[in-house]
Amino acid sequence: MRTIELLAPAKNLECGIAAIDHGADAIYIGASRFGARQSAGNSVEDIGKLCEYAHRYGVTVHVTINTIIYNEEFEETLALVRELVNVGVDAFLLQDMGLMSKVREIVPDTVALHASTQCDTRTWEKAQWLSEQGFDRVVLARELSVEEISEIHKRLPNLELEAFVHGALCVSYSGICYASQYCFGRSANRGACSQFCRLAFDLKDSDGKTIEHQRHLLSLKDMSQIDNLEALMRSGACAFKIEGRLKDINYVKNVVSAYSQRLDEIIRQYPSEFHRASLGRVAYSFTPNLKKTFNRGYTSYFLNGRQADIFSPDTPKALGEFVGTVKEIRRDSFNVAGTSSFANGDGLCFLGGGFRVNRAVGNRLYPYKMPHGLKPGMALYRNQDQAFDKELSGTTAIRKIPIVMTFGLTDNGFILRGKLVSGDVMEDTLSAETLISFDHQQAQKPQHDNIVRQLTKLGNTAYECSDVRLEDGVEQCFIPSSVLADLRRALITELDKKIQERKRITIHRTTRLDSDKAQSYKFVREANPSQYQAFPYLYNISNDVARKFYEQQGIMKPDEAFENQHPQGVQVKRGQVEDALLMQCRHCIRYSLGYCVKRGGKKPTWREPLYLELPDKRRFRLEFDCKDCQMNIHPDVE
């Protein structure tokens, strides 16, 4: 039986608790510094509180320290790791190999190490190499297909594989995007991405001909794999990650609920094959709807192979849910053709603009200000649903761990046993019992109702009693309510201890022999030999410890990270800059525009290379690597 984990993002403690309440098996959260989202940091104290709450349900807490680290930050980072271990963190997500080599020496065996998606893991060779360095889990590149994930699992069946299932997509393979640093001095590898890929570009050919004008040609739709979860479960991935450490609590509630319910549906179909990683059942008081949550339109990306409709060239913003088309327009209002209902305050948009509804009368909408460019026939989308937001603002889920209690007699008192229920099966390994000495006194009337009433008063605990079983003879004994309450409280304390002792994470950490290092390094080097030889900053070596690590791997003179070489970005005029690989993408503009002859597209009439040009005239050369079916982006060096 395979354990399945739904991994949810937490912007802060409040979002983390909401994710747990709505069905998450694990939470990933940023610490005060060194996470790949600079604006999503949290104190050690808050992370400790999250761990305490999460561990009641067997939920794990993973902390992201997945940026590259500079020399002057190194000791501070290690000190932060030690503090986080002390408050109960279960796993760390890391990118920096120098940091990883030190962290594995100081964390106990109860804390797992996960290779962040920033490590750019696309192949089984890279996954094996990361495992050999001491990683217990590898977060796979978002671009992989089911077949590619299956191949990695087939080759490395004991390595945990984590796959993204929902949220915003980076157009470049994570960890090797330098466009933000190059243009703006803001490093994606340091958590400060400026979202270069969401900008509008002109696409021009080598003769200066404009093929596309001011379109968002690198801006991808958002990922949604909710209809592909079973295929992913069978591919060998065990953890399914929702992106969104900058998202608000309503996003977390809605998305986590949708995916948790879908996972439970699949597991109910195949109870002998899969089970959830954490404990508890969730009672929801709303119906999740992914269309009502922030999205740029959804795509399954490359999970089922290459497809054209993965980008959103007309806008980089969230469109939301399609609600109809514009019908009749008047001076201060308009009608919507469709079946959707509207509320005052709804946020609506169309390609070219957006507005807030001041007043809704049926399908006639009165905006605060009539938007410029609105025309009959235009598609209309709702990116803020007041009614749905109001519904989410209250208590929308209650998570409880079902237990079965058995109450009986001992020679000199009473015994109360409790077993946790996982799914529809009691877990014999998660049980506890408590005893109390008390004289057996004959009751004047049966005690059944009072026993059940007192034992099931579980209040604000994590538990709910699904059944009370009374052994022979116990109903005829007089038992004060205070004694029953003492037994109940003692049992809950024991169950809490058992859950805390329950092994939440499996550690597979390995130690390689020195003789294996050259072979292991070969796996990484040969994964992309031409790029790593031409642009050795792809190793992201930003500190002395990382440099020493790669020297031990066989690199004689490791090159520094791009950020070390260009801390303020590249501020030069066109024609004075050296070549650089700024992005490597599986998304291919030529294919998405219908001009990939290799895959049945039209034969292009332009002369290559093609260029992306910003309004300030900075240009970027597109290199179409048809052999590896990917697109590389370089600065214009002509």
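Note that the structure is predicted; figures quoted are calculated from it, not measured.
Taking every heavy atom of both residues into account, A24 and V256 meet most closely at N-CG1, 3.7 Å. Shortest non-hydrogen contact noted between V63 and A31 is CG1-CB, 3.9 Å. When all heavy atoms of A580 and F562 are compared, the closest pair comes out as CB-CE1, 4.3 Å.
In this structure, the side chains of F620 and C183 come closer than 4.5 Å at one or more pairs of heavy atoms. Proximity of C197 to L220: side-chain heavy atoms (C-beta onward) are nowhere separated by under 4.5 Å. Side-chain atoms of V89 and E83, non-hydrogen and from C-beta on, never get closer than 4.5 Å to each other.
A cation-pi contact, defined as under 6.0 Å to the ring centre and within 45° of the axis, links R190 to Y70. Geometric assessment of K241 against the ring of Y28 yields a positive cation-pi assignment under the 6.0 Å and 45° thresholds.
The 12-atom threshold is exceeded at NZ of K247, counting heavy atoms of other residues, nucleotides or ligands nearer than 6.0 Å. Sparse packing is recorded around CD1 of I398, with 12 or fewer heavy atoms of other residues, nucleotides or ligands lying under 6.0 Å away.
The side chain to side chain contact (heavy atoms under 4.5 Å, CB included) test with V165 singles out one residue from L263, L303, I242, and that residue is I242.
Side chains of Y463 and D496: a donor on one and an acceptor on the other come within 3.5 Å. In the model, S219 has a side-chain atom that pairs as donor or acceptor with a side-chain atom of R198 under 3.5 Å.
Between R137 and E160, at least one side-chain nitrogen of the basic residue sits less than 4.0 Å from a carboxylate oxygen of the acidic one, meeting the salt-bridge criterion. In summary, K292 and E391 do not engage in a salt bridge, as defined by a charged side-chain N under 4.0 Å from a carboxylate O. A salt bridge links E494 with K497: at least one charged nitrogen is closer than 4.0 Å to a carboxylate oxygen. Under the 4.0 Å criterion applied to side-chain N and carboxylate O atoms, R276 and D264 are assigned as salt-bridge partners. One finds no salt bridge joining R122 and E148 here, because no Lys/Arg side-chain nitrogen approaches an Asp/Glu carboxylate oxygen to under 4.0 Å.
Taking the six-membered ring for Trp and the full ring otherwise, the centers of F240 and Y259 sit at least 6.0 Å from each other. When ring centroids are compared, Y298 and H166 come within the 6.0 Å threshold.
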In sequence, state the C-alpha distance, the side-chain angles, and the governing distance for F196 and Y178, and then conclude on ring pair (Phe, Tyr, Trp, His ring centres under 6.0 Å).
-> CA-CA 10 Å; F196 172 88; Y178 308 96; over 10 Å; no
